[in-house]
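Working notes, structure below.
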There are 2 protein chains.
Amino acid sequence: MENKRELFQVLTRRFGLLNKNCCSIGAVDITSVQSHILYEIDKQTSPSMQQIAEAIAMDITTFSRQIQTLIKMELVKKTPSSTDKRVYILSLTVQGKFVATTIDESMNAYLEEVFSHMNEFEKETVIRSIKLLNQAMSKSSVCCTPLL
Amino acid sequence: MENKRELFQVLTRRFGLLNKNCCSIGAVDITSVQSHILYEIDKQTSPSMQQIAEAIAMDITTFSRQIQTLIKMELVKKTPSSTDKRVYILSLTVQGKFVATTIDESMNAYLEEVFSHMNEFEKETVIRSIKLLNQAMSKSSVCCTPLL
DNA sequence: TCTTATTAATTGCATTTTGCAAGTAATATT
DNA sequence: AATATTACTTGCAAAATGCAATTAATAAGA
């Protein structure tokens with residue numbers, strides 16, 4: 001069988017590049033790391049700092065500073081937890097939600113465009129394959145254990 | 001249909017993390033960016049600086065400095081082109097080749113492990129899907145045009 | 001209860017990475 | 001022969017990174 005790494009290297013490089021490109025929304029300009037943070041805050045419900053930092057496998061100190069930046073940009077809000085005063089709950093501001101949604105839409109639009117080069121059967125197959133892959137990776141013991 | 005971005009986000013995050021983890025070979029410790037550079041030099045034949053920088057979509061000035069680092073680490077060699085004195089041809093040193101190969105092997109080992117959670121049919125399907133996806137992405141006009 | 005861990009998050013460095021602008025040297029174009 | 005373009009390198013200055021150490025709050029042990 002062919003070299004699997006080759007296939008994955010190309011795939012992830014492309015997707016990584018996509019992430020890099022897609023982060024300029026009107027006057028707001030964010031990095032791909034920040035885009036990941038927004039995505040994850042949007043996805044989770046009332047997450048703490050730790051939770052998000054862990055989800056994106058980012059050092060907590062770097063994360064803390066990124067959040068400070070995002071707060072200055074008025075994209076993220078930090079609310080003290082009512083049950084544990086050490087904890088801060090992260091949420092998106094209206095503008096932050098808008099940015100996250102816009103990025104999500106443009107990513108999905110891109111993916112739709114990519115999938116438009118396939119027929120219905122291929123689409124289904126590919127989607128199912130990605131799911132399979134995600135499942136298999138989450139079962140794997142070798143790597144990525146902290147992740148998702 | 002379900003949210004495609006979600007699927008891809010998870011997949012590429014996992015793969016990105018894998019890339020991050022897999023870069024300590026004996027006494028040699030390299031970053032994932034450097035691993036990408038080694039990979040690409042190994043793949044291409046007599047590539048110039050520009051070629052590699054473009055392949056991994058990296059700013060040429062940052063790339064130039066990364067190469068300097070890799071040369072200091074004795075993983076990469078820079079040979080002046082005989083036909084064009086502005087150009088440098090990049091190649092891996094013996095040690096660089098060893099590092100690249102070791103990373104490649106450990107990545108493939110990881111992927112084998114991941115695929116071991118699937119049956120033969122699923123494996124084939126997934127591999128074929130990734131290929132399809134790569135083809136579709138290369139056809140796409142939206143993004144990633146400089147890439148591969 | 002009081003003392004001692006443990007945990008969540010922040011700051012203080014020191015290092016590394018990044019990328020634009022400007023530079024040098026060689027080749028291509030006119 | 002003069003000019004433009006190309007390949008690559010340096011000079012900043014800003015940003016990102018991560019370890020060590022700090023603060024404040026909760027949990028656990030005596």
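Chain A is the first sequence line, chain B the second, and so forth, proteins listed ahead of strands; every chain is numbered from 1.
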Report task. Calculate the interatomic distance between B:Q34 atom CD and C:dT18 atom P; express it in whole Å. Result -> 9 Å
Query raised in the report: A:Q68 has an atom CD; how far is it from atom P of C:dA9, in whole Å?
Result: 13 Å
Query raised in the report: So, does A:E40 use its side chain to make a donor-acceptor pair with the main chain of A:I37 at under 3.5 Å?
Result: no
Query raised in the report: With distance as the sole test, does B:T125 use its side chain to make a donor-acceptor pair with the main-chain N or O of B:F121 at under 3.5 Å?
Result: yes
Report summary line: A:Q50 CD to C:dT10 P, in whole Å, measures 10 Å
Query raised in the report: Side chain of A:T69, backbone of A:R65: donor and acceptor closer than 3.5 Å?
Result: yes
Query raised in the report: Between atom CE of A:M137 and atom CG of B:L11, what is the distance when rounded to the nearest 0.5 Å?
Result: 5.5 Å
Sub-3.5 Å pairs of nitrogen or oxygen atoms, protein against nucleotides 18-20 of chain D:
unit_1: D:dG18; atom_1: N7; unit_2: A:T61; atom_2: OG1; d: 3.3
unit_1: D:dG18; atom_1: O6; unit_2: A:R65; atom_2: NH2; d: 2.7
unit_1: D:dC19; atom_1: N4; unit_2: A:T61; atom_2: OG1; d: 3.1

Query raised in the report: Rounded to the nearest Å, what distance is computed from the CD1 atom of residue A:I52 to the P atom of nucleotide C:dA8?
Result: 14 Å
Requested in this report: Taking atom types as modelled, find out whether B:E6 and A:Y39 have a side-chain donor-acceptor pair closer than 3.5 angstrom.
Outcome: yes
**Report entry** side chain to side chain contact (heavy atoms under 4.5 Å, CB included) partner of A:L90, the single match among A:T79, A:I52, A:I71
**Finding:** A:I52
Query raised in the report: Does D:dA16 have OP1 or OP2 sitting under 4.0 Å from an N or O in the side chain of A:Q66?
Result: yes
Report task. Keeping to residues at least two apart or across chains, list the salt bridge (Lys or Arg N to Asp or Glu O under 4.0 Å) pairs with something in residues 74-98 of chain A. Result -> A:D42-A:K97, A:D84-A:R86
Query raised in the report: Which part of the nucleic acid, if any, lies within reach of B:S48 when heavy atoms closer than 4.0 Å are counted: base, sugar-phosphate only, or nothing?
Result: sugar-phosphate
Query raised in the report: For residues 79-86 of chain B, which residues have at least one heavy atom under 4.0 Å from DNA chain C?
Result: B:D84, B:K85, B:R86
**Report entry** Distance, rounded to the nearest Å, where B:Q51 contributes CD and D:dA7 contributes C1'
**Finding:** 12 Å
Query raised in the report: CD1 of A:I67 versus P of C:dT10: gap in Å, rounded?
Result: 8 Å
Report task. Answer yes or no: does atom CZ of A:F98 have more than 12 heavy-atom neighbours from other residues, nucleotides or ligands under 6.0 Å? Result -> no
**Report entry** Spacing of A:I89 atom CD1 relative to D:dA25 atom C1', expressed in whole Å
**Finding:** 15 Å
Query raised in the report: What integer distance in Å separates B:M49:CE from C:dA26:C1'?
Result: 15 Å
Query raised in the report: With sugar-phosphate meaning primed atoms plus P, OP1 and OP2, does A:F63 contact a base, only sugar-phosphate, or nothing at under 4.0 Å between heavy atoms?
Result: nothing
**Report entry** Modelled atom types, side-chain donor and acceptor of B:H36 and A:Q9, under 3.5 Å
**Finding:** yes
Query raised in the report: Quick one: is C:dT10 close enough that its OP1 or OP2 comes under 4.0 Å of any side-chain N or O from A:S64?
Result: yes
